[in-house]
Amino acid sequence: MMRFPLLAGRLCLAVVVALSFFLPSAPAVHADGSAVSFGIDEGYRAPDLFDQSGATWDRIDFHWDAYQPNGPTDWLGNSESTDADIARDLASGKSIVGVITNPPAWATRNGSVPLNLNLPVTDPQNYWASFVHRLASAYAGKIDSWIIWNEPDIDPGHPMSTWAGSEDEFYMLLKDADLAIKSANPGATVVFAGTTYWNDVLEGRKLFVERVLDAGTRIDPTAAANGYYFDAVDIHIYSSPYRILTITRAYRDALARYNLTKPIWVSEMNVVPWNDPRSTVPRGGFRATLDEQASYIVEAVAMAEAAGVQRAAVYKMIDGTIIGGEPYGLVRNDLSVRPAYTAFQTAMRYLDVPGTVTVQSQGDARIVTIANGAHRVTVAWSTTPTQIDLPIPPQGVTAKLVTKLGQVTDLRLPSDPNQPDYVLNLSPATDNTDDSNPNDYIIGGDPIILVEDGVGQGVMINGNTLYYPITGFAITGPYLDYFQHRGGLRTFGYPISRPFELLGSQVQFFQRRVLQLRPDGTMGQLNLLDPGLMPYTQINNATFPAPDLSLTHQLPTAGSPDYVNKVLQYVQATAPNVWNGIPVSFQSTFNNSVTLSEVFPNGKGQPSLLPGVDLELWGVPTSLPAVDPNNHNFIYQRFQRGVMHYDRTTGITQGLLLADYFKSIITGQNLPADLAAQAQDSPFYKQYDASKPRWVARPDQLPNTDLSFAFERQAVPASATITIVNADQPATSTQTPTASTATPTAAAQGSATGTPTVAATATVTGTSTPSGGTPTVVAGTPTPTAGSQTPVGASPTPTVGTPGPSPTGAAPPDPTPTLSIGGHVFGAGGG
């Protein structure tokens, strides 16, 4: 902090009336893959503890009046830190951010505003520009980020005021600093002053940063072209972690009104502990207990991640001089640590990771998830004075539960068949210290962190069942045999149902395809796109071609001489690798559906059999390639059993996840409006109903069907032996599995609506590892992303799945020779 550790922003919080915080129900996602850089202000004052904290940067104050107390020829050094402090920070791998403020009286017109800001920055009479140029030059390569001023939004006359000038003058101060610093250090970052937000909001006026942008627009024709002469914006946000999300959004909105997109920093965040031995203030005034302060730290780090700020720091490392009886240090002056320090260490260890960040509300629970490949971290807490038992579907094959103070419990995959989810016991919130509103709990209850690894991977149960926690479904028996010998995840995607009876056939849904167990024990696939199943051409704003009967009428007559070879020649003629000069790779995708070692792991198979297997998986093309009219980067080709999708932005060709959408038709969950409109007369439409016999809403439309528990997650048997298996290749699509798709439960008040599970939300009260041993990862298996539907411009997620006629009106005979694999005879499959 500058001269006055007690910020006016915190004083303002004490007079805020009824400023309760509400999060939107839709998830906020920060997906640029970069982690927030977290620091502790004035970390150098307790260097050993600073090194152990996990922080990556330090904020140090540079007071102009300390360097030049009497005139421009002085250069006495900083009163707040020494060069040795800076050297030690750098040696320990910390970066340093400098804050420049506190001008000497001789250089100002009123004790605040530097003289001669209108002079060129090279003019020695522009004392401010001369000072910052010299300072930036002295520390170039050691300190390359400079925050210009501290809390200039506090009104003149207030005890905490640091700026008594106009917005025009502050704009000139900022511009001069930017030009002077970058002339000394071209790679430097210049940051708009940390402001309090509340001083402006309580006065009902524009934010200070916006008023300065107004000034720049009005007085400087070069302002807009030069980004208004700053690179990032700093904010000071205290007392409630929730406000980190809303306040940063307000600043982004303010910048956007000037066509600016700048990184946001939060260089000060904390809450005052009122029950610490060093504290002399009462409960109230937006303060916290020591335990609540520890909760605040973890929640604030999570919300900073969700807000997508570039840097965030806790104010501060050590108490120093305690002003007004309010200690802010993570560490006391005797170097004893507060629980908040330990909580910061926990947050740095488990939350300071890159990835896609999602924040959501589920009832009164707040959930922040950071997903990065096979690693997933979720932190959740209650926002009300009520304990919440939060069910979280597993995503990974291993998990551990971490408290805010770092205690770790290893978890096993859930084994209760009535509760296949982890259940997180969230303790009530207790901090209602908003004096004007006792119903406003400014900090959540104890946050709990769930850390999962092997997300998207699978485990083998008892040596004969492959289980994927990410969707909660298992594959066994002939379904597993076929899955393993036909490309696994790459071909089928994840399992998204249990085996069940559909129109007299036993089937199991996967993301891309629906497998059908024939009466003779062989396995086939449903022609999902057939008229009786899902013949649609528009799904979630994606448009792919309709069946072309003039094309399929070119197929040879079933049973004609050399029938199979002629069918394969048809495929070669109609599925191009290059179409209109575009490398769509449809032919090579078809030809490389499986490998010889997958189909014949014993090594005895002939390569000449693979084209028949490719035909078995895809069927024949039923359209020529076509561009999506809504997105010209997408090119599709329709086959009997799938749709190939080429994305020009990535160069990737893959099958759409059609069965995910067929499932959504049956369940009514995550069903896009365009697909619902086309399917509303389908006999499958919203049939899944736990309140009806056999869970079928209209059994007259689906005879010989039993949907009981078909789409309910499965648990791992309590006595299961869980072992390592070889990884399957992932479905390369960026679409999400239906782990996040809401499914009803038998106890859902007699209905099949259920409560949607939250994508990217996992938290647990768990116990020890399973009796059968530690769950092991299926190495290399992919991680699907959160959210099961995608907008126009992203890869659509259609579905594979249900029996029915071929596009020509009747399913053609199996065009491939049968193959005996693992005791099962597999043909080409069919509706």
Side-chain angles (χ1 to χ4, degrees), residues 473 475 477-483 486-487 491-537 539 544 547 552 593 613-622 638-644 655-667 675 679 682-685 687-688 696 701-707 710-711 731 738 797-816 824 826-831:
F473 294 102
I475 319 170
Y479 294 99
L480 178 60
D481 198 16
Y482 192 80
F483 177 86
R486 290 295 186 271
T491 297
F492 300 96
Y494 291 95
I496 56 174
S497 81
R498 306 181 186 197
F500 64 95
E501 184 181 13
L502 182 67
L503 297 174
S505 293
Q506 293 297 313
V507 300
Q508 184 170 13
F509 279 38
F510 293 76
Q511 286 179 287
R512 288 198 172 103
R513 302 166 186 268
V514 175
L515 294 186
Q516 178 185 37
L517 182 62
R518 297 171 176 141
D520 64 0
T522 62
M523 191 65 65
Q525 296 180 52
L526 303 183
N527 293 339
L528 281 175
L529 297 171
D530 281 0
L533 298 177
M534 200 173 68
Y536 314 118
T537 58
I539 298 180
F544 38 87
T552 55
S593 297
V613 178
D614 299 330
L615 190 59
E616 170 191 337
L617 293 175
W618 285 101
V620 297
T622 58
R638 189 181 187 111
F639 288 71
Q640 284 180 291
R641 301 186 185 107
V643 175
M644 287 191 190
L656 297 177
L657 307 184
L658 291 175
D660 262 342
Y661 281 117
F662 191 60
K663 175 180 173 177
S664 74
I665 292 173
I666 296 173
T667 64
L675 182 57
S682 166
F684 301 100
Y685 184 68
Q687 284 275 24
Y688 195 58
V696 180
Q701 294 181 357
L702 287 185
N704 302 316
T705 295
D706 188 346
L707 301 180
F711 301 114
T738 53
T797 318
T799 334
V800 177
T802 331
S806 73
T808 57
D814 291 348
T816 58
H824 299 283
F826 301 124

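Residue indices begin at 1 and follow the sequence shown. Side chains included, hydrogens not; waters and symmetry mates left out as well; all remaining heavy atoms used. Predicted model only: the values in this text are computed from it and were never measured.
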Any chance you could measure [X], atom [atom1], to [Y], atom [atom2], to the nearest 0.5 Å?
X	Y	atom1	atom2	result
Tyr685	Leu675	OH	CG	9.0 Å
Phe509	Leu515	CZ	CG	10.5 Å
Trp618	Gln640	CH2	CD	12.5 Å
Leu529	Arg641	CG	CZ	11.0 Å
Phe483	Phe492	CZ	CZ	7.5 Å
Asn704	Leu503	CG	CG	7.5 Å

Check your understanding: Which residues satisfy the ring pair (Phe, Tyr, Trp, His ring centres under 6.0 Å) test with Tyr479, sequence neighbours excluded?
Key ->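 Not a single residue meets the ring pair (Phe, Tyr, Trp, His ring centres under 6.0 Å) criterion with Tyr479.
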Point to revise | Check against side chain to side chain contact (heavy atoms under 4.5 Å, CB included), Thr622 and Arg638 | key: CA-CA 6 Å; Thr622 58; Arg638 189 181 187 111; 3.3 Å; yes
Point to revise | CA sep, side-chain torsions, deciding dist, call: Leu615, Phe639, side chain to side chain contact (heavy atoms under 4.5 Å, CB included) | key: CA-CA 10 Å; Leu615 190 59; Phe639 288 71; over 6 Å; no
Practice item. Apply side-chain contact (heavy atoms from CB on, under 4.5 Å) to Gln687 and list each qualifying residue two or more places apart in sequence or on a separate chain. Key: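 Residues passing side-chain contact (heavy atoms from CB on, under 4.5 Å) with Gln687: Val696, Ala697, Arg698, Gln701, Leu702, Leu707.
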State, yes or no, whether a side-chain contact exists between [X] and [Y] at a heavy-atom distance under 4.5 Å.
X	Y	value
Met523	Arg486	no
Phe544	Leu656	yes
Gln506	Phe500	no
Leu517	Tyr482	no
Phe711	Ile496	no
Val514	Gln525	no

Check your understanding: Quick one: does Thr522's side chain have a donor or acceptor within less than 3.5 Å of a partner on Arg518's backbone?
Key ->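 No, because the side chain of Thr522 does not come within donor-acceptor range (under 3.5 Å) of the backbone of Arg518.
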Practice item. Using modelled atom types only, decide if a donor and an acceptor are shared between the side chain of Arg498 and the backbone of Gln508 within a distance under 3.5 Å. Key: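 Side chain of Arg498 to backbone of Gln508, a donor-acceptor pair under 3.5 Å: no, none is there.
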Practice item. List the steps and the verdict of side chain to side chain contact (heavy atoms under 4.5 Å, CB included) for Tyr688 and Ile665. Key: CA-CA 9 Å; Tyr688 195 58; Ile665 292 173; over 6 Å; no
Check your understanding: Under the side-chain hydrogen bond (donor to acceptor under 3.5 Å, both in side chains) test, which residues partner Ser682, sequence neighbours left out?
Key ->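 Partners of Ser682 by the side-chain hydrogen bond (donor to acceptor under 3.5 Å, both in side chains) criterion come out as none, since no residue qualifies.
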Check your understanding: Does the side chain of Ser505 come under 3.5 Å of the side chain of Gln516 through a donor N or O and an acceptor N or O?
Key ->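 There is such a pair between these side chains.
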Specify the closest pair of heavy atoms between [X] and [Y], including all atoms of both residues, with the distance to one decimal.
X	Y	value
Ser497	Phe473	C-CD2, 3.3 Å
Ser593	Asp614	CB-OD1, 3.3 Å
Pro621	Thr552	O-CG2, 4.0 Å

Practice item. Mind running side chain to side chain contact (heavy atoms under 4.5 Å, CB included) on Arg513 and Leu617 for me, showing each step along the way? Key: CA-CA 9 Å; Arg513 302 166 186 268; Leu617 293 175; 4.0 Å; yes
